[in-house]
There are 2 protein chains.
Amino acid sequence: MAAKSMHDLFADQIQDAYSAETQLTKALPKMAKAATNPELRAGFEQHLTETEGQVRRLEQIGKELNIKVTSKKCEAMEGLISEAKDIMGLGLESDVQDAGLIAAAQKVEHYEIALYGCLCTWAKRLGYTNAQTLLHQTLEEEKRTDEKLTRLAEAQVNMQAAAR
Amino acid sequence: MAAKSMHDLFADQIQDAYSAETQLTKALPKMAKAATNPELRAGFEQHLTETEGQVRRLEQIGKELNIKVTSKKCEAMEGLISEAKDIMGLGLESDVQDAGLIAAAQKVEHYEIALYGCLCTWAKRLGYTNAQTLLHQTLEEEKRTDEKLTRLAEAQVNMQAAAR
């Protein structure tokens, strides 16, 4: 069998992203429900809508480049979501649990920033212009979400949590 | 049982970090061995030395703050390492595999950047000054490693890989 090419690696990571985002669409409603801070809850709900859009972008890329998006399970996202569930099961005081949920969500966002960062660069190298545009839109959304979580933690949640 | 405090969340995530770093000390030699680009291989080897130092910092924090560091398994890092192994098993052309290894390593670094970012902020809020200093040192190392990987990918690896 011939050694696989850059396109194969790109396809593998598009499948990884698709699995990651679909797993996340199931986890975000639970995280929103567990959040006490109204801004955090609204943030998770808004990111669910964004994530659903990101799933559709990956489906579009799969269709254009003949990549079967459903054929892989992203084990890292499975672990990340499992950690978010652990936080919800620790019996933390509610403000502290919010701080933990933000940490869990920032780990997810950072995973996705690394993933889409690589996918964008590879799409550019491979000349997949439309895919690159779509992946860049998602990358920017993930970065904005991460920044919003940092601001919320610093302005509100951590201060309240540290008083417990 | 009383609801748990910010210290409990901090302790939980210190244990998470300890498990993540010890898992990584076992994975990095395999990633170094699989890398073809000499700079990438040397980078993984250098980061192994750094990671061993990061493990010792966490042990010191555990000792100072009475946190039993060995009592948790970081499932996210388990998933991240499993993905790195998958990359090595894809049968990719060697330059392409290097690009995949960089992506896997950047996911790991981003996970750690999110984790240590939160731990630093919490240590500050909790008044754990020495822990904050140690965690900040690690955070800076993780950021530098991520930047080095980006530079290596952009300057060398991705260009060679995309030609395959």
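Worth knowing before you read on, the calculation uses all heavy atoms, side chains too, and leaves out hydrogens, waters and symmetry mates.
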Using a cut-off of under 4.5 Å for heavy-atom pairs, which of B:His7, B:Glu154, B:Glu93 has the most such pairs with chain A? B:Glu93

If every non-hydrogen atom of A:Leu9 is compared with every non-hydrogen atom of B:Leu92, which pair is closest and at what distance? CD1-CD1, 4.0 Å

Heavy-atom pairs under 4.5 Å with chain B, option from A:Lys107, A:Gln106, A:Gln97 with the top count: A:Lys107

Looking at residues at least two apart in the chain, or sitting in another chain, which of them share a ring-ring contact (aromatic ring centres under 6.0 Å, His included) with A:His110? B:His110

Given heavy-atom pairs under 4.5 angstrom as the criterion, report whether the side chain, backbone, both or neither of A:Asp146 touches chain B. neither

Side chain proximity check, B:Met6 to A:Asp95, heavy atoms < 4.5 angstrom: no

Does anything in residues 48-83 of chain B reach chain A? List residues with heavy atoms under 4.5 Å apart, or say none. B:Cys74, B:Glu75, B:Ala76, B:Gly79, B:Leu80, B:Ser82, B:Glu83

Per-residue contacts, residues 10-45 of chain A versus chain B, heavy atoms under 4.5 Å: A:Asp12, A:Gln13, A:Asp16

Please classify the contact of A:Ile87 with chain B as side chain, backbone, both or neither, using a heavy-atom distance under 4.5 Å. side chain

Using heavy atoms and a sub-4.5 Å threshold, report which of residues 111-137 of chain B line up against chain A, by residue number. B:Tyr111, B:Ile113, B:Ala114, B:Leu115, B:Cys118, B:Thr121, B:Trp122, B:Arg125

